Amino acid sequence: MITFRWFGPLDPIPLTHIRQVPAVRGIVSSLFDIHVGEPWPLDRISALRAEVERHGMSLSVIESIPVHEDIKLGRSTRDRFIDNYCESVRNMGRAGVPVLCYNFMPVFDWMRTDLARRLDDGSTALAYDDAALAKVDLSRGTADLPGWATTYTAEALKKLLDAYRSVSEDKLWENLAYFLVQVVPVAAAAGVRMALHPDDPPWSIFGLPRIITSGAALDRVTDIVDDPANGITFCAGSLAADPKNDLPAIVRGLGSKSRIHFVHLRNIKRTGPRSFQETAHPSERGDIDMRSMIATLHETGFEGPIRSDHGRMIWGEKGQPGYGLHDRALGAMYLHGLWEGIAGG
């Protein structure tokens with residue numbers, strides 16, 4: 001199923017517009033006003049689903065219920081936040097939403113250093129460069145940075161970064177395992193499939209540990225709790241930023257175990273070591289063979305939700321970087337066409 005991310009009632013792109021993209025039948029959304037760590041009420045999830053269905057589509061994925069930093073840090077308070085997370089997952093199941101996309105990135109979600117890189121065709125796109133990241137001044141907190149559910153003042157950010165200095169990659173793996181051992185059985189009982197998103201970009205930033213960076217890491221995640229409910233979000237753009245990642249091999253490995261529960265497909269062009277820019281979706285525009293991605297997903301029997309990931313800003317559109325309407329709609333139709341051509345319908 002081709003899906004489309006919608007940022008709720010405050011999104012400048014209404015569901016009435018998304019419904020007009022011929023291939024799109026599912027919506028990926030979230031509740032954006034609930035404090036991280038608090039449980040999500042059933043009535044709020046049900047209301048979100050009802051609003052989507054009122055526009056002739058289904059609420060296919062929640063992206064995401066953020067994981068509280070105390071869980072990632074392994075603090076003594078984590079059990080309370082894990083209990084709240086479990087209640088949110090139960091309420092997802094009660095509301096009939098089948099897939100939860102989440103991440104385990106410390107402090108920062110996806111990171112870019114340029115939100116409007118001008119491409120040769122005049123469009124703008126998101127871009128990342130490690131050298132530019134080194135110049136980012138964190139003394140002002142996170143207010144000027146993109147991408148995540150929580151913003152931090154300079155003082156709060158400093159305390160959080162200091163706390164992570166004692167968290168190694170091994171310790172972060174331990175804390176992820178502690179989380180999964182408690183949450184996955186709840187998800188399985190609720191009929192919810194957990195879909196862990198790779199780190200974006202797939203390497204350490206600001207000296208913080210990042211562990212979900214490769215096919216081997218994703219395999220390790222699914223082995224922590226060997227249950228079909230414990231799966232991943234295959235994000236081509238995130239993984240492709242590291243040229244060592246063999247994307248078709250990752251799909252075959254995880255797909256053969258039916259552990260890919262959600263797919264993000266976008267194209268990127270690597271512009272140097274730990275440097276890339278996002279592009280239009282077609283294969284010739286970047287370093288990812290999109291036809292190969294769709295063909296391999298079909299080969300492994302994938303039948304879940306796929307969304308066109310970040311898009312460029314084109315045709316003079318203004319909006320949230322990476323999440324305009326026009327280029328994501330083009331991407332959705334491109335992916336639909338590839339799937340139809342390969343699957344035969």
Side-chain angles (χ1 to χ4, degrees), residues 103-152 154 157-158 160-161 164 169 172 197-215 217 233-247 250 264-290 293 308-314 317-324 327-328 331:
N103 73 73
F104 213 76
M105 291 180 256
V107 186
F108 303 103
D109 200 316
W110 60 271
M111 173 59 66
R112 299 293 183 269
T113 55
D114 190 339
L115 301 182
R117 169 78 59 84
R118 186 161 294 278
L119 305 184
D120 291 343
D121 60 7
S123 63
T124 62
L126 303 172
Y128 175 91
D129 182 76
D130 233 28
L133 188 77
K135 299 175 184 177
V136 171
D137 180 8
L138 293 180
S139 67
R140 295 178 295 178
T142 61
D144 297 332
L145 296 171
W148 45 88
T150 304
T151 58
Y152 298 99
L157 180 60
K158 183 179 185 304
L160 197 52
L161 293 174
Y164 270 104
E169 289 188 1
L172 191 59
H197 190 287
D199 298 343
D200 182 10
W203 50 72
S204 173
I205 60 171
F206 299 122
L208 294 163
R210 285 195 163 196
I211 56 175
I212 313 302
T213 59
S214 65
T233 296
F234 176 80
C235 180
S238 298
L239 292 165
D242 184 346
K244 295 193 297 292
N245 283 328
D246 183 336
L247 270 58
I250 293 172
H264 290 182
L265 289 179
R266 70 168 180 266
N267 211 340
I268 66 161
K269 184 69 176 177
R270 292 185 290 270
T271 52
R274 295 196 169 187
S275 176
F276 61 88
Q277 62 189 29
E278 299 185 3
T279 70
H281 283 75
S283 301
E284 67 270 16
R285 295 304 181 96
D287 291 318
I288 300 176
D289 183 343
M290 287 294 187
M293 291 293 89
S308 51
D309 208 357
H310 303 159
R312 303 165 298 146
M313 286 299 180
I314 64 174
E317 184 177 18
K318 307 293 183 184
Q320 183 174 342
Y323 287 100
D327 198 42
R328 285 191 296 152

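All of these numbers come straight from a predicted model, not from anything done at the bench.
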- request: Could you list the residues that satisfy side chain to side chain contact (heavy atoms under 4.5 Å, CB included) with Asp120, not counting sequence neighbours?
  value: none

message: Quick check: do Leu133 and Arg274 have side-chain heavy atoms less than 4.5 Å from each other?
response: no

- request: Enumerate the residue pairs fulfilling ring-ring contact (aromatic ring centres under 6.0 Å, His included) with a member in residues 112-132, sequence neighbours excluded, ordered by first and then second residue.
  value: Tyr128-Trp203, Tyr128-Phe276

message: Would you say that Leu157 contacts Val107 through its side chain, given a criterion of any heavy-atom pair below 4.5 Å between the two side chains?
response: yes

task: Check the pair Met313, Leu119 against side-chain contact (heavy atoms from CB on, under 4.5 Å), reporting the backbone distance first and the verdict last.
output: CA-CA 10 Å; Met313 286 299 180; Leu119 305 184; over 6 Å; no

- prompt: Hey, does the side chain of Asn267 reach the backbone of Pro282 with a donor-acceptor pair shorter than 3.5 angstrom?
  reply: yes

- prompt: Heavy-atom distance under 4.5 Å between the side chains of Phe104 and Leu172, does that happen here?
  reply: yes

message: Give me the atom names and distance for the closest heavy-atom approach of Ala240 to Arg270.
response: O-NH1, 2.6 Å

- prompt: If you take all heavy atoms of Ile268 and Ile288, which pair is closest and at what distance?
  reply: N-CD1, 4.2 Å

- request: For residues Ser123 and Ile314, report the shortest heavy-atom separation together with the two atoms involved.
  value: CB-CG2, 3.7 Å

message: Any non-hydrogen side-chain atom of Asp309 less than 4.5 Å from a side-chain atom of Cys235?
response: yes

message: When you compare the side chains of Thr279 and Arg285, does any donor N or O come within less than 3.5 Å of an acceptor on the partner?
response: no

- prompt: Short question: side chain of Asp199, backbone of Pro209 - any donor-acceptor pair under 3.5 Å?
  reply: no

- request: Write down the atom of Asp129, the atom of Thr113, and the distance for their closest heavy-atom approach.
  value: N-OG1, 3.0 Å

task: Go through the structure and list residues passing salt bridge (Lys or Arg N to Asp or Glu O under 4.0 Å) with Lys244, not counting sequence neighbours.
output: Asp242

message: Centre-to-centre under 6.0 Å for His264 and Phe234, is that the case here?
response: no

- request: Report yes if some heavy atom in the side chain of Glu317 is under 4.5 Å from a heavy atom in the side chain of Thr124; otherwise report no.
  value: no

task: Take Met105 and Met111 through the side-chain contact (heavy atoms from CB on, under 4.5 Å) test and state the conclusion after the steps.
output: CA-CA 11 Å; Met105 291 180 256; Met111 173 59 66; over 6 Å; no

field: side chain to side chain contact (heavy atoms under 4.5 Å, CB included) partners of Ser204, counting only residues at least two apart
entry: none

task: Check for a donor-acceptor pair, side chain of His310 on one end and backbone N or O of Arg266 on the other, with a separation under 3.5 Å.
output: no

Which residues share a salt bridge (Lys or Arg N to Asp or Glu O under 4.0 Å) with Arg210, sequence neighbours left out: none

query: Is it true that a side-chain atom of Asp114 and a backbone atom of Ala116 form a donor plus acceptor pair closer than 3.5 Å?
result: yes

- request: Measure the shortest side-chain to side-chain distance between Leu126 and Leu115 over non-hydrogen atoms and say whether it is less than 4.5 angstrom.
  value: yes

query: Under the salt bridge (Lys or Arg N to Asp or Glu O under 4.0 Å) test, which residues partner Asp289, sequence neighbours left out?
result: none

task: Would you check if the side chain of Asp327 reaches a backbone N or O of Ala280 as a donor-acceptor pair within less than 3.5 Å?
output: no

query: Is any side-chain heavy atom of Asn103 less than 4.5 Å from a side-chain heavy atom of Asp109?
result: yes

